[in-house]
Amino acid sequence: MNEQRKERIVKAFLWVTGLTSVFILLSIIVYIYVNGVGIISLEFLTSYPYRFEYGGIFPQIVGSLLLVAICLLFATPIGIGSGIYLAEYASDNILTKTIRFFVETLAGIPSIIIGLFGLAFFVHYLFGFSLLSGGLALGFMILPWTVRVSEEAIRAVPNSYREASLTLGATKWQTMWNVVLRSATPSIITGILLGLGKAIGETAIILLTAGSGLEAFLPISIFDAVGSLPVYIFMLATQGHTSAAFDRAFGASLVLVTMFLIINLGALLLRNYLVRRQR
Amino acid sequence: MLFSATSSILIVFFIIAFMLSEGWSAINLDFIFGLIWHPKTNEFGILPIIVSTVIVGVGAVFIALVIGIPCAIFLAEFAPNWVRNIIKPSVEMLVGVPSIVLGFFGLMLIVPFIRDNLGGRGECILAGWIILSIMTLPHVISISEDAIRAVPNSYREASLTLGATKWQTVRNITLPNAKSGILASLILGMGNAVGETMAVYMVIGNPNIPWIPTSILDSVRVLTSTIVMEYGYVAWGSQHQHALFAIGVVLFVLVAIINLMARYAIKRGMIER
């Protein structure tokens, strides 16, 4: 076989694999939409669930949003603080190396282990199955991500900005707050939104810390158990066993995937908008 | 600033300390090499679970390799720009698709397909491989593509100038140079696959008494699915509870080893260049 011919065959093969991978991945989303769209109605989105087969998913939608809100309240300030420290204040010494090593380690811990830890620490010793337990455990998972995006965003701010501000007599902190953080904001927000996309679909952690997912009520305080979309899908899929339950799981999956896609798309658009405004 | 920066260290120590204090008492040779897991009679041997975990993880990464690496080569070297501009962002977005949704997809489509066409319960190693490889695929494609692109253009140009065809260049010049990055993507994929919980749980069957699988149509349990399956009815303070946390410790060590290997591969790649 001559080389030209081989080249053509390889090229054809690579085209096929390339398109196949994308086809597989996209077909999953299409499958969820096709099967889930039938059950979506205003009532499904705004009423309360009743056993496995009846009612809507309102508390689950709200619960998911509350959980990621708590998660971000915890992980964003700490993440940005760490980012500032790593990028601006510390020189490359043994402490920053250690911090980076541990951030990477935390990022590598499987979510089920963070869930188990949450089950022991937050649930058993402190708060019980609750919004707070779930939100904090989720925050632990997201933290390495927020540290990384903040550090990268702050590092990406050109040095000339800092120098200009310092030359004008601003202190280091004033420079940090008024100049560096401001111009790093678009990238930080984008990064945190992408982290939000990860958090909203996370199931194992919430299952072990927040509640059974079937809750037919809204939490009154952060110490109440809370339902969430991923855990609701999990319960219906593994314990429902009727086609009505599966239909509901499809509907909930559709809502979850849509939230995920909106968050990711939002991150993209927001970044484009903010970058354009800054120029 | 320093306080928030050190919080990651504190959290990692906290997690390790808690896992060890709850799980350490259950870890011994009978635990690691025991063949029978039967909480009712207080028998806690996880060898079948460890073996299944490794089989499921390795198989999934192998499938992701067979489909993902050619796809990465395609994206980095052969795809026209407009095709790449469509495929790359969609692949990257799919990295984060909630795993519960993938698991549900597997349960509704792949499990019945296997049951009807190949026999068995349908919830089996093969289903786990398929779902996990779909989850691992975007990681493998995205990281390997970056690794292939990072090979300096001058290398390619030198080869093409000498009269090599594009494929010869890719095979003999680009791929060997991107080797460690590609390897790292596979090892990281392995780490993800071993630590993945929900999607796997939903398609591999989780028999009450796990055994060492003899066929890819066997139902199995992996480390993560065992935790999800039993955390709900465990009595706090019992040997069973300590055994579950000990499974967490084993999983932690397994994933840590895999991640260290990946880090080593990446570092070696940087030194080579």
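Naming: A, B, ... by sequence-line order, numbering from 1 per chain. Heavy atoms only: backbone and side chains are in, while hydrogens, waters and symmetry mates are out.
Annotation: side chain of Phe74(B) is not in contact with side chain of Lys11(A) (no heavy-atom distance under 4.5 Å). Using a 4.5 Å heavy-atom threshold, the side chains of Leu19(A) and Ile87(B) count as touching. The shortest side-chain heavy-atom distance between Ile109(A) and Ile15(B) falls under the 4.5 Å cut-off. At least one side-chain heavy atom of Tyr125(A) sits under 4.5 Å from a side-chain heavy atom of Phe18(B). Leu143(A) places a side-chain heavy atom less than 4.5 Å from the side chain of Ser7(B). Here the side chains of Ile100(B) and Glu202(A) are not in contact, with every heavy-atom distance at 4.5 Å or above.
Within the 4.5 angstrom heavy-atom criterion, only side-chain atoms of Phe13(A), from C-beta onward, approach chain B. Both the backbone and the side chain of Phe121(A) come within contact range of chain B, each with at least one heavy atom under 4.5 Å from a heavy atom of that chain. Contacts between Ile24(A) and chain B at a heavy-atom distance below 4.5 Å involve the side chain alone, from C-beta outward. Only the side chain of Leu95(A) comes within less than 4.5 Å of a heavy atom of chain B; its backbone N, CA, C and O stay farther away. The parts of Ile113(A) that come within reach of chain B are both its backbone and its side chain, each placing non-hydrogen atoms under 4.5 angstrom from that chain. Both the backbone and the side chain of Ile28(A) come within less than 4.5 Å of a heavy atom of chain B. When heavy atoms are compared at a cutoff of 4.5 Å, Ile29(A) approaches chain B solely by way of its side chain, counted from C-beta outward.
The greatest number of non-hydrogen atom pairs below 4.5 Å with chain B, out of Glu104(A), His124(A), Lys198(A), is found for His124(A). No other option in Val257(A), Thr238(A), Leu119(A), Leu236(A) has as many heavy-atom pairs under 4.5 Å with chain B as Leu119(A). Between chain B and the residues Ile32(A), Ile233(A), Leu256(A), Leu207(A), the largest count of heavy-atom pairs under 4.5 Å involves Leu207(A).
A distance of 6.0 Å or more separates the ring centres of Phe104(B) and Phe234(A). Aromatic ring centres of Phe78(B) and Trp15(A) lie farther apart than the 6.0 Å criterion allows.
Applying side-chain contact (heavy atoms from CB on, under 4.5 Å) to Ile9(B) and the options Val103(A), Thr105(A), Ile99(A), Leu106(A) leaves one that passes, Ile99(A).
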